[in-house]
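The figures that follow rest on heavy atoms only: side chains count, while hydrogens, waters and symmetry mates do not. Just so you know, ligand 1 is whichever comes first in the structure, and atom 1 is the first atom listed for that ligand.
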Amino acid sequence: MEQYKIGLVPGPVTIPPEILKAWDFNYASSDLEPEFFALYNQNQKLIQKILHTQNKIVITSGEAMSILWAALKCTLNPGEKILAVSSGLFGEGFAEMAKSFGAVAEVCGFDYDDVPDPEKVSAHAKKFRPKVITAVHCETPSGTITPCLAEIGKIAHEVGALFIVDFVASAGGVPLDVDAWGIDIGLWGSQKVLSLTPSLSVSSISERAWEVIEQVNYSGYEAYKDWREVLEKKYMPYTHDWHSMKALNISLSSLISEGLENVYARHAEAAKLCRDLGRETGLKLFPKDEKNSSPTVSAFYVPDKFSWNGFDTALRKHGLAVGGNYGALAGKVFRVGHMGSQANSELVKIGMSIIKLLIENS
Ligand SMILES: *Cc1c(COP(=O)(O)O)cnc(C)c1O
């Protein structure tokens, strides 16, 4: 297939050469070597720093959807209640997933071009009394960032619910404080800000979440319970992905050595440039209020003169790949992913200049 010269898809993002190097080695079995456990532990500590948490970190193989399922199946029995706070496709998805195995789900819903209102969440949670409340930090399809996770976390703790947050497309690139925001289970993927293959998933799990996990006692490939003491027992539930674990180490170390504040600034700058250039080109931003746009992804309406397919094909001819959309936004809204290796103002400038050229010449 073609390797697009200008990759601005909101995940999987372009893997930089220094991370690709992780695959240039034949590792022994991760089950047998103490070195693997040491690498796992080193990654856990780096992740705790980036997520600002003392909670235990679990790193599993599989794309991020595997831990969205794990978080729900390990904390909810059939018949138990979950409130999905939603302003987009991933938010709603939590409710659909939970219903599929018999949990009772309600959605506290907001428009896709908006963000949740904590007062409405509070009223809904007090009435419904769920066991679990879910929220999404960056709604990638909508290009929005939820600003009120700390408030929702407080509400969850007030009603005695576990607070589960999908920060797959934000963590690392956006300020995030798992402990201060009361996030019991935080979910992070590898193919967004971390700029790896879609191969690993990271979960931060609080003590009160572990208690629920032990009670529910779910077993299955994605089950959390056997990950609690992998280091103490020197035993993993399955053969781990050493190459990806090494790649993760390179990625986490580079975020730390760049300095988190600098990483956030690099994302904010690329995002602002993308929106400014989009506006100059006559593109309309999808989020109703620009301040709710995510530093990791910008969502714009597909320009009137184009169908999404026509627009996408023309951009690809110029070597530019951006993201389309799903569900109600399919064909209407497209996304420019400036996260991880793609949070690069030069790259964004080139990408947006191709979009401009295409619009001006149509
Ligand atoms: C990317 C992403 C996931 C993982 O889903 P895939 O579509 O399988 O990549 C989960 N949640 C959010 C918010 C994401 O952006």
Problem set entry | Sidechain-backbone polar pair: Lys120 side chain, Cys108 backbone, donor-acceptor under 3.5 Å | no
Exercise. If only atom types and distance count, is the side chain of Arg208 paired as donor or acceptor with the main-chain N or O of Ala161 below 3.5 Å?
Worked result: yes
Problem set entry | ring-ring contact (aromatic ring centres under 6.0 Å, His included) partners of residues 32-58, not counting sequence neighbours, each pair once | Phe36-His240, Phe36-Trp242
Exercise. Can the ring centres of Phe286 and Tyr301 be said to be less than 6.0 Å apart?
Worked result: yes
Exercise. With sequence neighbours left out, what residues match Arg275 under salt bridge (Lys or Arg N to Asp or Glu O under 4.0 Å)?
Worked result: none
Problem set entry | side-chain hydrogen bond (donor to acceptor under 3.5 Å, both in side chains) against Glu92, all qualifying residues, sequence neighbours excluded | Tyr112
Problem set entry | Close residues, ligand 1: non-hydrogen atom nearer than 4.0 Å | Glu63, Ala64, Met65, Phe90, Cys138, Thr140, Asp166, Val168, Ala169, Gln191, Lys192
